[in-house]
Amino acid sequence: MASSYSFLFLHMLVMFSLASIAFSDLSDDFYDDICPQALPTIRRVVEDAVRQERRMGASLLRLHFHDCFVNGCDASILLDQTATIDSEKTARPNNNSARGFEVIDRIKSEVDRVCGGPVVSCADILAVAARDSVVALHGPTWEVELGRRDSTTASRTTANNDIPTPLMDLPALIDNFKKQGLDEEDLVALSGAHTLGFAQCSTFRNRIYNEINNIDSTFASQRQANCPRSGGDSNLASLDPTSALFDSKYFSNLVSKKGLLHSDQALFSGGETDELVKTYSTNLRTFSKDFAKSMIKMGNIKLLTGNQGQIRVDCRKMN
């Protein structure tokens, strides 16, 4: 009996003090002993959010991407503005655009409840929620390595400088991804995330009115109907014809000169990524496999582990 009480005490001690314990390496079973219900809880909340609004899957995936490209996958994108935090939420790529923060709040609340305390980092929640969003929209799955910790800083300036813009041409995109340790295959595969979701008129207006030689004229006219030359900046257009289904039509669109963003069409414009775009446009299995591989690679950019950073109680602010 005494040994049972000792085991229970030890288990509870581990759970409630995890935030201050140093773990140096990521693993896919990081939470299996401390909180086996953590990942099923994340999946349940994500599936519910996507069921309520299909667009949310793309939004959660984008949060993880925009987080990782700014000083690594450390949940800095979730921090609100304070006297000491220069929030990334107001950076150009995120302002009035990044969304899904309330879903992350709900996941954090539910996970902390089932785990009995702040066990799971917000950075891990973003990584798992991105994977579960893709799966909820009939995309591939992959093992998410876990054990990230949360930053105590954010950088609006770095977000403005390091998140790729919709106006970039191919050389700029290649350089941008290279700075993150990602190669051309990662660039094309991860750009395929645009098989999901929407873009605002302000991000593609110049393309549909001024890029005459590298855009299908009918496609441009159709987009102009909901994106006037002035005004309507926040009007939405789908990034591919099936915006809530993970498929290869994004790449088929590029081959047909129907990429919505300049940075999309740049992947198929006579450059070194043309052949890979062609491959993905006709081979969903290859695209799915490469996408999963590149998501794992991106999810490991400049991580905080061990006793670095913290595990936030509230994803929106430092402890």
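Since this is a predicted model, take the numbers as computed values, not measurements. When reading the values below, keep in mind they use all heavy atoms of this one structure, side chains included, and skip hydrogens, waters and symmetry mates.
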Legend entry - Distance-only donor-acceptor check, side chains Ser234 and Gln200, under 3.5 Å: no
Regarding [X] and [Y], does a basic nitrogen lie under 4.0 Å from an acidic carboxylate oxygen?
X: Asp314; Y: Lys108; value: no
X: Asp132; Y: Arg43; value: no
X: Glu143; Y: Arg131; value: no
X: Lys257; Y: Asp216; value: no
X: Glu110; Y: Arg44; value: yes
X: Asp105; Y: Arg316; value: yes
X: Glu53; Y: Arg99; value: yes
X: Asp48; Y: Arg51; value: yes

Inset, instruction - Say whether Val70 and Leu304 are linked into one hydrophobic cluster, either directly or through other cluster members, by side-chain heavy-atom distances under 4.5 angstrom. - result: no
Inset, instruction - Could you state whether Ile301 and Leu190 fall into the same hydrophobic cluster, counting links through intermediate Ile, Leu, Val, Met, Phe, Trp or Tyr residues with side-chain heavy atoms under 4.5 angstrom apart? - result: yes
So how far is it from [X] [atom1] to [Y] [atom2], rounded to the nearest 0.5 Å?
X: Arg229; Y: Asn206; atom1: CZ; atom2: CG; value: 10.0 Å
X: Arg148; Y: Leu303; atom1: CZ; atom2: CG; value: 5.5 Å
X: Phe198; Y: Asp240; atom1: CZ; atom2: CG; value: 9.5 Å
X: Met298; Y: Phe291; atom1: CE; atom2: CZ; value: 7.5 Å
X: Asp86; Y: Ser155; atom1: CG; atom2: OG; value: 6.0 Å

Inset, instruction - For the pair Asp186 and Ser294, evaluate side chain to side chain donor-acceptor pair (under 3.5 Å) and give the outcome as yes or no after the intermediate values. - result: CA-CA 5 Å; Asp186 299 315; Ser294 293; 2.7 Å; yes
Legend entry - Tyr250/Phe287 aromatic ring centres below 6.0 Å: no
Inset, instruction - Indicate, with yes or no, if the rings of Phe268 and Phe251 have centres closer together than 6.0 Å. - result: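 No, the ring centres sit 6.0 Å or more apart.
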[X], [atom1] atom: more than 12 neighbouring heavy atoms under 6.0 Å:
X: Lys89; atom1: NZ; value: yes
X: Arg106; atom1: CZ; value: yes
X: Lys302; atom1: NZ; value: yes
X: Asp183; atom1: CG; value: yes
X: Lys297; atom1: NZ; value: yes

Legend entry - Criterion salt bridge (charged side-chain N to carboxylate O under 4.0 Å, His left out) on Arg149 and Asp124, from CA distance to verdict: CA-CA 8 Å; Arg149 289 171 65 89; Asp124 275 348; over 6 Å; no
Legend entry - Check: Ile85 main-chain N/O paired with Gln81 side-chain donor or acceptor under 3.5 Å: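 Looks like yes, one N/O pair under 3.5 Å.
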Inset, instruction - For the pair Arg312 (side chain) and Ser151 (backbone), establish whether a donor and an acceptor sit closer than 3.5 Å, ignoring hydrogens and angles. - result: yes
Inset, instruction - For Ser252, check side chain to side chain contact (heavy atoms under 4.5 Å, CB included) against everything at least two apart and list the hits. - result: Ser281
Legend entry - Members sharing Leu261's hydrophobic cluster (side chains within less than 4.5 Å): Phe204, Ile208, Tyr209, Ile215, Phe219, Leu239, Leu260
Legend entry - For Pro118, the option from Val111, Asp150, Asp112 that meets side-chain contact (heavy atoms from CB on, under 4.5 Å): Asp112
